Trainee: 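This is the structure I have questions about; it appears just below.
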Amino acid sequence: LPQTVFCDPQVVLTKVTELVEYYHKILCNPEEGMAVESDLINFRDHGMVSVELLKKFPKHYKEGLFTPQDLMKLLVSHGAVAQMKDDEYLMPALLPHLDPDQVAQFREHGAPLMIRFIQGYIPSGLFCHFIALLLSSAWKVCMERGKPSCLYHNCIRLEQSGSSNIMTLIDMFSYIEVHVHEASYRVCKEIRALVTCGIKSACTVLKYHNVKLEDAFLCGGVRCSSDPPHLATVVTSRWSSQHKWKCTIVGDQIGNLREDQLIWFQDCPLGAKGTSSSLSTFSQSATPTIRQLISITVGHLTLIQSVGTRYPDLGILLLEDDNGVLVDVLTSEHQRNAEVITRAILQRWITGTGRKPTTWGTLVDVLGQCQLTVQAEAIQACFL
């Protein structure tokens with residue numbers, strides 16, 4: 001909100017508190033409003049928030065200065081919610097918590113990758129922000145018979161737009177479990193890179209600067225008990241660059257990874273990588289073309305498609321559109337089609353509107369400022 005200054009930032013926190021308190025009020029009184037307001041069911045069961053819902057709390061709003069629409073923009077820009085439809089936003093922090101004994105039903109077969117937090121815990125709010133980040137790019141909630149197949153505060157199943165990739169993420173307090181529905185060396189390696197970059201981006205936004213991550217699996221060593229379950233971190237042999245596991249309890253217990261574990265680290269054959277296999281390298285100081293931008297892929301999507309609903313952030317920074325007026329015009333012109341709007345934003349920038357110089361390097365910098373880290377790294381992989 002470039003034209004608004006909050007003398008007391010507590011106002012924004014108060015608005016979020018009102019929302020959370022209302023959520024808990026509905027949980028304690030499940031029949032309240034259900035007969036006349038079906039949107040409250042989505043709010044209670046699936047953490048869905050709308051501008052209409054925010055209007056229920058009129059305190060602190062000032063017409064022309066701070067409106068429910070402005071509050072929603074703030075929540076989106078800070079990664080507290082992710083837009084699902086026109087006036088439907090998911091707030092991961094409001095999702096119901098799944099009991100540990102019920103999590104097992106959503107685990108896939110095979111060897112899930114564990115992203116271990118070396119400090120021993122996942123920082124507060126990080127998992128929720130990470131989920132919002134994914135939903136703001138190329139991922140969406142996996143649906144089954146018109147309902148979310150797995151949508152909880154600590155366990156969520158997502159599918160990648162435009163592909164058959166499905167992953168399940170589980171918050172296990174000290175590590176995040178990553179499951180894939182159909183494991184292959186290409187899919188597993190892409191998702192491992194995506195998850196790692198996404199967590200690092202979330203840490204940057206939330207200012208968690210000392211977070212360190214390790215790849216790990218459930219330990220299957222013979223010299224330690226499997227009860228309670230514990231992890232074995234992935235280490236690389238100093239002499240052969242071979243990936244091995246190392247028990248986190250019996251430190252000198254080391255072994256070779258199984259084939260279903262190696263799949264997360266195996267190199268793809270030439271031309272099979274998800275980022276730059278079809279694109280010639282180019283100079284960081286060169287001017288991009290739309291054709292080149294389309295040829296860069298992030299997973300199974302083009303770079304432009306992968307921006308998703310994060311296009312307002314990109315447009316405001318790249319076009320130096322501080323008030324968001326130009327982005328609003330493009331949104332209206334292209335009927336909220338995120339891919340077409342992103343392409344129009346990039347086309348205007350290439351032809352001289354906005355941030356200078358008009359180079360790949362500038363685009364990478366702006367993508368980084370928008371927390372579109374995976375997209376920035378896809379471009380950097382193509383630099384000479």
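The model shown is predicted, which means the values in this text are computed figures rather than measured ones.
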Trainee: With under 30° as parallel and over 60° as perpendicular, where do the rings of F66 and Y61 fit, or are they tilted in between?
Mentor: tilted

Trainee: Between F117 and Y175, does the ring pair (Phe, Tyr, Trp, His ring centres under 6.0 Å) criterion hold? Intermediate values first, please.
Mentor: CA-CA 6 Å; F117 290 72; Y175 59 89; 9.3 Å; no

Trainee: Regarding S306 and Q375, is there a side-chain donor-to-acceptor distance under 3.5 Å anywhere?
Mentor: yes

Trainee: For K244, does its backbone N or O pair with a side-chain atom of N256 as donor and acceptor, under 3.5 Å?
Mentor: no

Trainee: Could you tell me whether the side chain of L90 reaches within less than 4.5 Å of the side chain of V81, counting heavy atoms only?
Mentor: no

Trainee: Can you name the nearest heavy-atom pair linking L314 to T342, along with the distance?
Mentor: CD2-CG2, 4.1 Å

Trainee: Between the main-chain N or O of E63 and the side-chain N or O of T67, is there a donor-acceptor pair closer than 3.5 Å?
Mentor: no

Trainee: Looking at G110 and D260, what are the two nearest heavy atoms and their distance?
Mentor: C-OD2, 4.3 Å

Trainee: So does K212 have more than 12 non-hydrogen atoms from other groups sitting under 6.0 Å from NZ?
Mentor: no

Trainee: Tell me if the NZ atom of K246 is crowded by more than 12 foreign heavy atoms within 6.0 Å.
Mentor: no

Trainee: Assess whether a salt bridge exists between D365 and R355, defined as any Lys/Arg side-chain N lying under 4.0 Å from an Asp/Glu carboxylate O.
Mentor: no

Trainee: Tell me, yes or no, whether the heavy-atom count around R343 atom CZ, taken from other residues, nucleotides or ligands under 6.0 Å, exceeds 12.
Mentor: no

Trainee: Around R348, counting heavy atoms of other residues, nucleotides and ligands shown, do more than 12 lie under 6.0 Å from its CZ?
Mentor: no

Trainee: Measure up the F43 and Y23 rings against each other and bin them: parallel (under 30°), tilted (30 to 60°), perpendicular (over 60°).
Mentor: perpendicular

Trainee: Between M143 and P148, is there a side-chain heavy-atom distance shorter than 4.5 Å?
Mentor: yes

Trainee: Using a strict threshold of under 4.0 Å (side-chain N to carboxylate O), is an ion pair present between K356 and E320?
Mentor: no

Trainee: Mind running salt bridge (charged side-chain N to carboxylate O under 4.0 Å, His left out) on E18 and K59 for me, showing each step along the way?
Mentor: CA-CA 10 Å; E18 289 174 339; K59 188 178 179 181; 5.7 Å; no

Trainee: State, with a plain yes or no, whether a side-chain heavy atom of M114 is found less than 4.5 Å away from one of D215.
Mentor: no

Trainee: Quick check, are the ring centers of F173 and Y121 under 6.0 angstrom apart?
Mentor: no

Trainee: Who passes side-chain hydrogen bond (donor to acceptor under 3.5 Å, both in side chains) against T353, sequence neighbours left out?
Mentor: none

Trainee: Do M72 and L54 have side chains that get closer than 4.5 Å, going by heavy atoms?
Mentor: yes

Trainee: Does N210 have more than 12 heavy atoms from other residues, nucleotides or ligands lying within 6.0 Å of its CG?
Mentor: no

Trainee: Any idea which heavy atoms bring S161 and K140 closest together, and the distance?
Mentor: OG-CD, 4.1 Å

Trainee: Main chain of N337, side chain of Y311: is a donor-acceptor contact present, judged purely on distance under 3.5 Å?
Mentor: no

